[in-house]
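The figures here come from the full heavy-atom set of this structure, side chains too, leaving out hydrogens, waters and symmetry mates. Sequence lines set the chain letters: A, B, ... in the order given, protein chains first and strands last, and positions in each chain run from 1. Nothing here was measured: the structure is a model prediction, and the numbers come from that model.
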There are 2 protein chains.
Amino acid sequence: MNDADAWPTGLPVRADGRRTHEHLLVAAQKTFAEQGTDASLREVARRAGVSIATLYRHFPTREALLQTLLQHGFDKLRARAADLIASLDPGQALVAWIRELALVSARYDGLPASVMAALQDPGSTLHSSCAGLRAAADDLLARAQRSGHIRADLDADQLLAAVNAMAWATRQASWTADAGDRFLSLLIEGLTARPIRPT
Amino acid sequence: MNDADAWPTGLPVRADGRRTHEHLLVAAQKTFAEQGTDASLREVARRAGVSIATLYRHFPTREALLQTLLQHGFDKLRARAADLIASLDPGQALVAWIRELALVSARYDGLPASVMAALQDPGSTLHSSCAGLRAAADDLLARAQRSGHIRADLDADQLLAAVNAMAWATRQASWTADAGDRFLSLLIEGLTARPIRPT
DNA sequence: ACCTGAACACCGTTCAAGT
DNA sequence: ACCTGAACACCGTTCAAGT
């Protein structure tokens, strides 16, 4: 019941606990992939072969589960930002990163909404990961804007919202893979600065 | 129980029935506005002061409720398409219509998703309204594309998805009104055809 | 013609009790 | 240290029974 009863290191110490942990993650991965991020947690527990109370013991919130499933992808994405800045010009770096972010965000139905919610809610277990994404977006965007290739009337939060919106659109119908690319290319064209045209 | 027991004309015939109908609509409007399109229907019934079974008698599905709330807006939007085609050049007509559609679609949280679902599901009560929107979008888009002002690699379904995605984005954070405009302008810039640039 | 109470199967969340 | 059954308050949906 008390805090000392929680996982000391972030992982269960006993072998049976670690097996349960792993089973829960596999079950959650499958269930979220099939039914989206707001699938039934009872269903996840059922697939893992444990009680719903056990799921709650290992992952106190749905976001904690998501965080564990997504952390690797998010961390890599943050690192990618640095790589891209080093190897490409500012505009191309931003565009390449946006494409990778959209892929991660479209992994589960409902994930774009979860990411947007986590950005705003400091209490979410996903919050620090998403704040990391914002920091990366901020870097890339600021450079691209200074270079003059990207419109200036946009901040990192709006950029993340727009990318997630495209990931959302991709998930809304059963489209071919390159329909997803098309949504993204719409956004990217829209981001690109160009001479003023008559309105 | 049988079909003859349903509303013969689409409206209750007795005065008390019509009052209940109206109360349900007012309650649904408020509840959806506050909590989004997937708010509790029991809550709606509670606010209307009737039993949940009565709500189901008047509106057999959540979509039926939405359809009644949105039909006016959707019908006007279809008519607007004809007006805009008559009074503006093809590119401007499409852009103006897109702005109006985005306003309607952002009325409730969750509405963009409902619209996308209704487009794909012929069984949805919202389907015919949404199919009407697609027909309008089809007209406007085809003309704009023939005029050469709008990129050609896009169909009406993808256009509707993209506009709804921007409505979705606007709803995801508590943004100022013109952040919504900015999302839309990103899309509109992206739609606009322009000379090929080096990739 | 219209309304309701009650039921059913589900869900998220918590807690005392077991090993 | 770890797991479970059972409870609570909710939800969507349906149906028999009332006026």
Side-chain angles (χ1 to χ4, degrees), chain A residues 1-25 27-28 31-32 34-66 110 113-114 117 121 123-125, chain B residues 1-25 27-28 31-32 34-66 110 113-114 117 121 123-125:
Chain A
M1 281 317 101
N2 50 22
D3 279 9
D5 203 24
W7 312 127
T9 70
L11 271 188
V13 344
R14 259 165 50 177
D16 57 346
R18 278 197 304 269
R19 246 175 301 140
T20 297
H21 203 80
E22 185 58 25
H23 289 157
L24 280 168
L25 285 174
T31 310
F32 289 163
E34 290 171 17
Q35 316 185 16
T37 28
D38 42 4
S40 160
L41 295 181
R42 273 189 146 93
E43 167 78 11
V44 172
R46 237 176 270 130
R47 290 209 205 186
V50 298
S51 153
I52 177 66
T54 297
L55 181 149
Y56 271 89
R57 177 170 158 78
H58 285 256
F59 302 99
T61 66
R62 171 179 249 109
E63 284 76 33
L65 211 33
L66 269 177
S114 301
D121 175 15
S124 163
T125 319
Chain B
M1 276 319 101
N2 49 21
D3 279 9
D5 203 24
W7 312 127
T9 70
L11 272 187
V13 344
R14 259 165 48 178
D16 57 345
R18 278 195 304 268
R19 245 174 302 140
T20 297
H21 203 81
E22 185 59 26
H23 289 156
L24 280 167
L25 285 173
T31 311
F32 289 164
E34 291 171 17
Q35 315 185 16
T37 25
D38 41 4
S40 160
L41 295 182
R42 271 189 145 93
E43 167 78 10
V44 171
R46 236 177 271 129
R47 290 210 205 187
V50 299
S51 151
I52 176 67
T54 296
L55 181 149
Y56 271 89
R57 176 170 158 78
H58 285 255
F59 302 99
T61 65
R62 169 179 250 110
E63 284 77 32
L65 210 35
L66 270 177
S114 302
D121 175 14
S124 164
T125 320

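At the heavy-atom level, B/A45 lies nowhere under 4.0 Å from the strands shown. Across all strands, A/A15 comes closer than 4.0 Å to no nucleic acid atom at all (heavy-atom distances).
Nucleotide D/dA9 has no partner under the Watson-Crick or G-U criteria, as no pair reaches both atom distances under 3.5 Å. With a 3.5 Å ceiling on both atom-pair distances, the Watson-Crick or G-U wobble partner of C/dT4 is D/dA16.
The side chain of B/V50 lies closest to C/dT4 when the candidates are D/dG12, C/dT13, C/dT4. Side chain of B/V13, nearest nucleotide from D/dG12, C/dC2, C/dC11: C/dC2. Between D/dC2, D/dA7, D/dC11, one nucleotide has an atom nearer to the side chain of A/R42 than all others, and that is D/dA7. Of the candidates C/dC2, D/dT4, D/dA6, C/dC2 carries the atom nearest the B/P12 side chain, counting heavy atoms from C-beta on. When the nucleotides C/dT4, D/dG12, D/dC11 are ranked by their closest atom to the side chain of B/R62, D/dG12 comes out on top. With distances taken from any side-chain atom of A/A53 to the nucleotides D/dC15, D/dG5, C/dT13, the minimum falls on D/dG5.
Atom NE2 of B/H23 and atom P of C/dT4 are 12 Å apart (whole Å). Residue B/E63 contributes atom CD, which lies 9 Å from atom P of D/dT13 at whole-angstrom precision. Rounded to a whole Å, the CZ atom of A/R46 is 13 Å from the P atom of D/dG5. Look at CG on B/D16: it is 8 Å from C1' on C/dA1, rounded to the nearest Å.
Both B/R14 and B/Y56 lie close to DNA chain D; mapped to their nearest nucleotides by heavy-atom distance, the more 5′-ward contact belongs to B/Y56. For the pair A/P60 and B/T20, both in contact range of DNA chain C, the more 5′-proximal nearest nucleotide belongs to B/T20.
Using a 4.0 Å cut-off between charged nitrogen and carboxylate oxygen, A/E43 and A/R46 count as a salt-bridge pair.
Within the structure, every side-chain polar atom (N or O) of B/S51 is placed at least 4.0 Å from both OP1 and OP2 of C/dC3. Contact check, A/S40 against C/dC10: no side-chain N or O comes under 4.0 Å of OP1 or OP2. In this model, the phosphate group of D/dC3 is approached by a side-chain N or O of A/H58 to a distance below 4.0 Å at OP1 or OP2.
In this structure, B/Y56 OH and B/L41 CG are separated by 5.0 Å, a value rounded to the nearest 0.5 Å.
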